[in-house]
Enquirer: 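To start, I am sharing the structure in question, which I have written as structure tokens.
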Amino acid sequence: MEILLKAYAKINLSLDVTGVRDNGYHDLRMIMQTINLYDRISVKRIQKDEIIISANHAVVQTDSDNLIYKACMRFFEAAGISSGLFITLDKRIPVAAGLAGGSADAAATLKALNMLFDAGLSVDELKKIGVKLGADVPFMIEGGTCLCEGIGEIITDLCPLRELPLVIVKPARGISTKLVYDMLEEPGKLNHPDVDGMVRAVNKGDIPGVVSRLGNVLESVTEKEVPEVTSLKKRLMELGAMGSLMSGSGTTVFGIFDKKDKAQEAYYALKNETLENKVYLTSTIGKNAL
């Protein structure tokens, strides 16, 4: 038996840091949104008692440091199961981009294992396993449009947004998430986005209200380190985006468009302007479509 799943990426419509814990973790308030950009994962059992990961992208580690491998070990521990596995990863989400590709793969792996072994773990139980792997994993299991708080594990469903066309651009340069958080100013000195206003706008389906409240405190660091982030946001607006923002710690930038044809024009324009950046034409996607 083989389980095939799509591991969907996310963007942050809003990302705020409200404090720093004694253990160094940051308290966050984020509006997370699933997008129709995904990796493909296949999982099947093998007789050999080991976890073998095969990936189509050279930059992806396939040893025990891979989040997929760690997700398998955490699942086995929680479910009281042990088995050999062969896992194939078709990597499409750009790496180190602020789109939670690694977390998406871990989340999809947990779902796949739950199905493969008919373990019967609930979504909440899977999320409890997921948070041990990374702050974004619980949301990647949940999906849709959510307010995520704490380190990301406290999740509140919001009203699903209608499908919004997106153009996503990943500059050639990346940045370490740890570096971004290490360089971030104290929460009291940050220019905080209006997360509560964003929640109200999302729940009302007020797209102009959502767009006007796009905000990410991590831009204050990443834009200094990778100036392309600033120039790409500006370029997306010039090409007709209603709003543009960096996702996560970056360096990916997205533009929200009101019409698909406008997004398509922007996509082709950006594709033709440089070969260095990776450009994607996609959209937001609701939980029911996952």
Side-chain angles (χ1 to χ4, degrees), residues 1-10 25 32 34-144 151-153 155 170 174 176-178 248 252 278 280 285 287 289-290:
M1 182 179 179
E2 182 179 16
I3 303 295
L4 299 169
L5 286 181
K6 294 176 180 177
Y8 289 90
K10 63 81 182 171
Y25 283 95
M32 307 267 268
T34 307
I35 62 172
N36 196 14
L37 174 65
Y38 52 83
D39 297 338
R40 293 181 184 271
I41 291 180
S42 73
V43 183
K44 60 183 177 181
R45 298 177 70 171
I46 57 174
Q47 290 187 340
K48 206 170 184 180
D49 189 21
E50 61 180 315
I51 298 168
I52 301 171
I53 302 172
S54 174
N56 67 329
H57 200 307
V59 76
V60 177
Q61 290 180 283
T62 56
D63 57 14
S64 59
D65 286 332
N66 188 298
L67 270 181
I68 290 173
Y69 187 100
K70 293 178 180 180
C72 293
M73 299 307 294
R74 288 287 188 180
F75 179 86
F76 288 158
E77 180 184 315
I81 295 170
S82 180
S83 174
L85 296 169
F86 184 79
I87 301 172
T88 302
L89 172 63
D90 177 9
K91 192 71 182 167
R92 301 179 179 193
I93 303 169
V95 177
L99 299 175
S103 295
D105 295 341
T109 299
L110 292 175
K111 291 179 180 180
L113 293 176
N114 200 32
M115 297 164 65
L116 183 66
F117 293 99
D118 196 22
L121 298 181
S122 68
V123 170
D124 284 342
E125 287 172 319
L126 291 177
K127 287 193 291 188
K128 285 179 182 177
I129 300 171
V131 75
K132 297 174 184 177
L133 299 166
D136 287 335
V137 179
F139 169 75
M140 307 311 278
I141 292 170
E142 184 79 25
I151 61 168
E153 84 285 9
I155 299 173
K170 166 63 172 67
S176 159
T177 298
K178 183 179 185 303
T252 294
K278 294 179 180 178
Y280 304 86
I285 187 171
K287 186 183 299 188
L290 302 180

Enquirer: Does a side-chain N-to-carboxylate-O contact under 4.0 Å join Lys127 and Glu153?
Expert: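 Not counted as a salt bridge, because no side-chain N and carboxylate O are separated by less than 4.0 Å.
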
Enquirer: Which heavy atom in Asp136 sits nearest to a heavy atom in Ala100, and how many Å separate them?
Expert: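 Where Asp136 meets Ala100 most closely, the heavy atoms are OD2-CB, 3.8 Å.
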
Enquirer: Tell me the closest heavy-atom pair linking Pro94 and Lys170, and the distance in Å.
Expert: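 Closest heavy-atom pair between Pro94 and Lys170: CB-CG, 4.0 Å.
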
Enquirer: Are side-chain heavy atoms of Ile87 and Cys72 found at a separation under 4.5 Å?
Expert: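 In contact.
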
Enquirer: Which heavy-atom pair separates Ala108 from Leu5 by the least distance, and what is that distance?
Expert: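 That would be O-CD1, 3.4 Å.
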
Enquirer: Side-chain contact test, heavy atoms from C-beta onward, threshold under 4.5 Å: evaluate it for Tyr38 versus Ile285 and give yes or no.
Expert: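 No, every pair of side-chain atoms sits at 4.5 Å or beyond.
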
Enquirer: Going by heavy atoms in the side chains, are Leu85 and Leu116 under 4.5 Å from each other?
Expert: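 The answer is yes, as the side chains (C-beta and beyond) meet within the 4.5 Å cut-off.
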
Enquirer: Within a strict 4.5 Å, meaning less than it, do heavy atoms of the Tyr69 and Asp63 side chains meet?
Expert: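 Side chain of Tyr69 against side chain of Asp63, heavy atoms only: no contact under 4.5 Å found.
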
Enquirer: Step by step, would you call Arg45 with Phe117 a side-chain contact (heavy atoms from CB on, under 4.5 Å)?
Expert: CA-CA 9 Å; Arg45 298 177 70 171; Phe117 293 99; 3.5 Å; yes

Enquirer: Taking all atoms of both residues into account, what is the closest heavy-atom pair of Ala104 and Ala7, and its distance?
Expert: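 Result for this residue pair: O-CB, 3.4 Å.
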
Enquirer: Quick one: do Leu113 and Ser83 satisfy side-chain contact (heavy atoms from CB on, under 4.5 Å)? Show the steps, please.
Expert: CA-CA 11 Å; Leu113 293 176; Ser83 174; over 6 Å; no

Enquirer: If you look at every heavy atom in Ala119 and Phe75, which pair is closest and at what distance?
Expert: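 Heavy-atom minimum between the residues: CB-CZ, 3.7 Å.
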
Enquirer: Heavy-atom distance under 4.5 Å between the side chains of Lys91 and Asp105, does that happen here?
Expert: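 When only atoms from C-beta onward are counted, Asp105 and Lys91 do touch, with a gap below 4.5 Å.
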
Enquirer: Rounded to the nearest 0.5 Å, what separates atom CD1 in Ile93 from atom CG in Leu99?
Expert: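 One finds 7.0 Å between CD1 of Ile93 and CG of Leu99.
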
Enquirer: For the side chain of Asp90 and the backbone of Asp39, is there at least one donor-acceptor N/O pair under 3.5 Å apart?
Expert: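 Such a contact is absent between Asp90 side chain and Asp39 backbone.
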
Enquirer: How far apart are the C-alpha atoms of Met73 and Ile51, what are their side-chain angles, what is the distance that settles it, and do they pass the side-chain contact (heavy atoms from CB on, under 4.5 Å) test?
Expert: CA-CA 9 Å; Met73 299 307 294; Ile51 298 168; 3.7 Å; yes

Enquirer: Are side-chain heavy atoms of Met1 and Lys44 found at a separation under 4.5 Å?
Expert: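 Answer no - side chains too far apart.
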
Enquirer: Could you grab the distance from atom CD1 of Ile141 to atom CG of Leu110, nearest 0.5 Å is fine?
Expert: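 It is 5.0 Å, given to the nearest 0.5 Å.
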
Enquirer: Do Met140 and Tyr8 pass the side-chain contact (heavy atoms from CB on, under 4.5 Å) test, and can you show the C-alpha distance, the side-chain angles, and the key distance before you say yes or no?
Expert: CA-CA 8 Å; Met140 307 311 278; Tyr8 289 90; 5.8 Å; no

Enquirer: Does some side-chain heavy atom of Ile68 sit less than 4.5 Å from a side-chain heavy atom of Ile41?
Expert: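 Yes, side chains in contact.
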
Enquirer: Do the side chains of Phe139 and Thr34 get nearer than 4.5 Å, heavy atoms only?
Expert: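 Side chain of Thr34 against side chain of Phe139, heavy atoms only: contact under 4.5 Å found.
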
Enquirer: Shortest non-hydrogen contact from Ala71 to Ala106?
Expert: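 Shortest heavy-atom separation between Ala71 and Ala106 comes out as CB-O, 3.9 Å.
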
